[in-house]
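Counting convention: from 1, in listed order, for ligands and their atoms alike.
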Amino acid sequence: MEKKRMVSGITSTGKLTLGNYIGALKNFVKLQDEYEMFIFVANLHGITTPIEKEVLKNNIKQSIALYFACGLDPNKATIFIQSDISEHSELAWILTCNTNIGELNRMTQFKDKSSKVKANNGTEYIPSGLLMYPVLMAADILLYDPELVPVGKDQKQHIELARSIGERMNSKYGNMFVIPEEYTPKLGSKILDLQDPTKKMSKSSSNPKSYIALLDNIDEVKKKIKSAVTDSENLIKYDLENKPGVSNLITIYSCLKNISIEQTEQHFLGKDYGILKEEVSNEVVNLLMTIQKKYEEIINSNMIDEYLEKGAKKAKIVASKKINKVKNLVGLNYKRK
Ligand code: TYM
């Protein structure tokens, strides 16, 4: 039986966080046996807002090494860099011409990010890439005809947009794309900010205490978890609305131990927040030490280039076939019916 296909990517801006790991990477690794996976470093998304050349280059390499260090296996999954497959940008343009500005204006991530720019500089300084970004993401997805797209909760709206663009193209031009479903983990699809647990943990946060990066110094990680915001009740109970900080720590623990929220609550019954933080810290530190050890081996080897070349070759076969079909159906190729 043919395996179902999945496609996903992570933007190459700065450090990968524990949120990226639990919400995305951990699941990629878990699913790579069962599904045919296409996983890429979204470096074209990484230039949406200004970034220095050397920083960008470093981020791309670091992301790839972390994918492997977290357990993605290039013999199972097709792993590549987005810009190595030029069909992503090509399809993005065709989809852009079939997307309305109103649809893009409604994206909450665009509203959040652009409002920050607006507050500092005024509207004319909002990079147009911020607005167009979800169309590129739709192209990333539709290019590979996946049935499922594994992502965290924050990407839900973008997947819905990709689905509507795909449906629109299908009804306008005939059968062009498979319409995918999003695939979010039951637990851990939104890991929260350690300092402000009403927000998601984000690598773009200006306060480094609010997130854990996979390459963080271990002593810093311990301090960050120790200073995570909780509440004054000293009751270890999952209640996202009233106890978001504690619920976040319970979620992290459950995800890293691969147990349910109820099992975690049971484990911590009658214990205090000090113990909770200490045990969460031990789990996170164990994970990070394993990842960091592998990362050091990989980043200094030739493996990365070899694997990427292999991944790009496989991705290119699928992508070039699809872009040809799209160009023919749209009428860009004048010789074809
Ligand atoms: P990005 O780079 O912001 O995040 C990568 C993945 O990590 C998940 N994630 C989280 N999950 C749980 N808790 C969190 N705090 C958390 N923060 C991030 C995200 O949901 C995502 O799955 N536009 C995308 C990258 C992208 C993409 C694609 C994804 C580009 N093209 C095509 C899927 C398919 C992004 O910026 O994700």
Exercise for the section: Among R5, K321, K322, find the one that has a side chain to side chain donor-acceptor pair (under 3.5 Å) with D145. Expected result: K322
Practice task
Assign the ring pair Y144 / H88 to parallel, tilted or perpendicular, where the plane angle (0 to 90°) is split at 30° and 60°.
Solution key: tilted
Completion exercise
closest protein heavy atom to atom 5 (C) of ligand 1 is N20 ND2, 3.5 Å
Practice task
Kindly indicate, with the supporting measurements, whether the criterion side-chain hydrogen bond (donor to acceptor under 3.5 Å, both in side chains) is fulfilled by D231 and Y273.
Solution key: CA-CA 9 Å; D231 52 63; Y273 289 172; 2.6 Å; yes
Exercise for the section: If you have a sec, work out which protein heavy atom is nearest atom 2 (O) of ligand 1 and how many Å separate them, to one decimal? Expected result: T11 N, 2.9 Å
Practice task
Determine, using heavy atoms of P134 and all atoms of ligand 1, whether some pair is separated by less than 4.0 Å.
Solution key: no
Handout entry: 4.0 Å heavy-atom contact, D154 with ligand 1
Key = yes
Exercise for the section: State, with a plain yes or no, whether a side-chain heavy atom of F38 is found less than 4.5 Å away from one of P146. Expected result: no
Problem - For atom 31 (N) of ligand 1, closest protein heavy-atom neighbour - result: D140 OD2, 2.6 Å
Exercise for the section: Please name the pair of heavy atoms, one in P244 and one in L192, separated by the smallest distance, quoted to 0.1 Å. Expected result: O-CD1, 3.9 Å
Exercise for the section: Decide if the gap between the ring center of Y295 and the ring center of F68 is smaller than 6.0 angstrom. Expected result: no
Practice task
May I ask you to check whether G19 has an N/O atom sitting below 3.5 Å from an N/O atom of ligand 1?
Solution key: yes
Practice task
State whether a side-chain donor-acceptor pair under 3.5 Å links S202 with S204.
Solution key: yes
Problem - Winner among C255, S202, S189, G152 once heavy atoms are compared against atom 12 (C) of ligand 1 - result: S189
Exercise for the section: Decide whether an N or O pair under 3.5 Å exists between M201 and ligand 1. Expected result: yes
Problem - Side chain, backbone, both or neither: the part of V149 lying under 4.0 Å from ligand 1 by heavy atom - result: side chain
Exercise for the section: May I ask you to identify the nearest protein heavy atom to atom 3 (O) of ligand 1, giving residue, atom name and distance to one decimal place in Å? Expected result: Q155 NE2, 4.1 Å
Exercise for the section: Examine K316 relative to F80 and say whether NZ or CZ is less than 6.0 Å from the centre of the six-membered ring and inside a 45° cone about the ring axis. Expected result: no
Practice task
Note the single closest protein heavy atom to atom 26 (C) of ligand 1, along with its residue, its atom name and the distance in Å.
Solution key: G9 O, 3.7 Å
Exercise for the section: Please confirm whether S8 comes within less than 3.5 Å of ligand 1 when only nitrogen or oxygen atoms on both sides are compared. Expected result: no
Problem - Shortest protein heavy-atom distance from atom 6 (C) of ligand 1, along with the residue and atom involved - result: A24 CB, 3.6 Å
Practice task
Determine whether the side chain, the backbone, both or neither of I141 has a heavy atom under 4.0 Å from any heavy atom of ligand 1.
Solution key: side chain
Handout entry: Nearest-neighbour protein heavy atom for atom 24 (C) of ligand 1, which is reported as residue plus atom name and distance
Key = Y133 OH, 3.5 Å
Problem - Heavy-atom nearest neighbour in the protein, as seen from atom 13 (N) of ligand 1, with distance rounded to 0.1 Å - result: I191 N, 2.8 Å
Handout entry: Fellow cluster residues of L44, listed by chain then number, with links counted only when side-chain atoms sit under 4.5 Å apart
Key = L136
Practice task
Answer yes or no for Q82: is there a heavy-atom contact with ligand 1 below 4.0 Å?
Solution key: no
Exercise for the section: Identify the heavy atoms of V151 and P185 that sit nearest to each other, and give their distance. Expected result: O-CD, 3.7 Å
Exercise for the section: Tell me which part of F28 gets within contact of ligand 1: side chain, backbone, both or neither, using heavy atoms under 4.0 Å. Expected result: neither
Practice task
Compare all side-chain heavy atoms of K223 with those of K209 and state whether any distance is below 4.5 angstrom.
Solution key: no
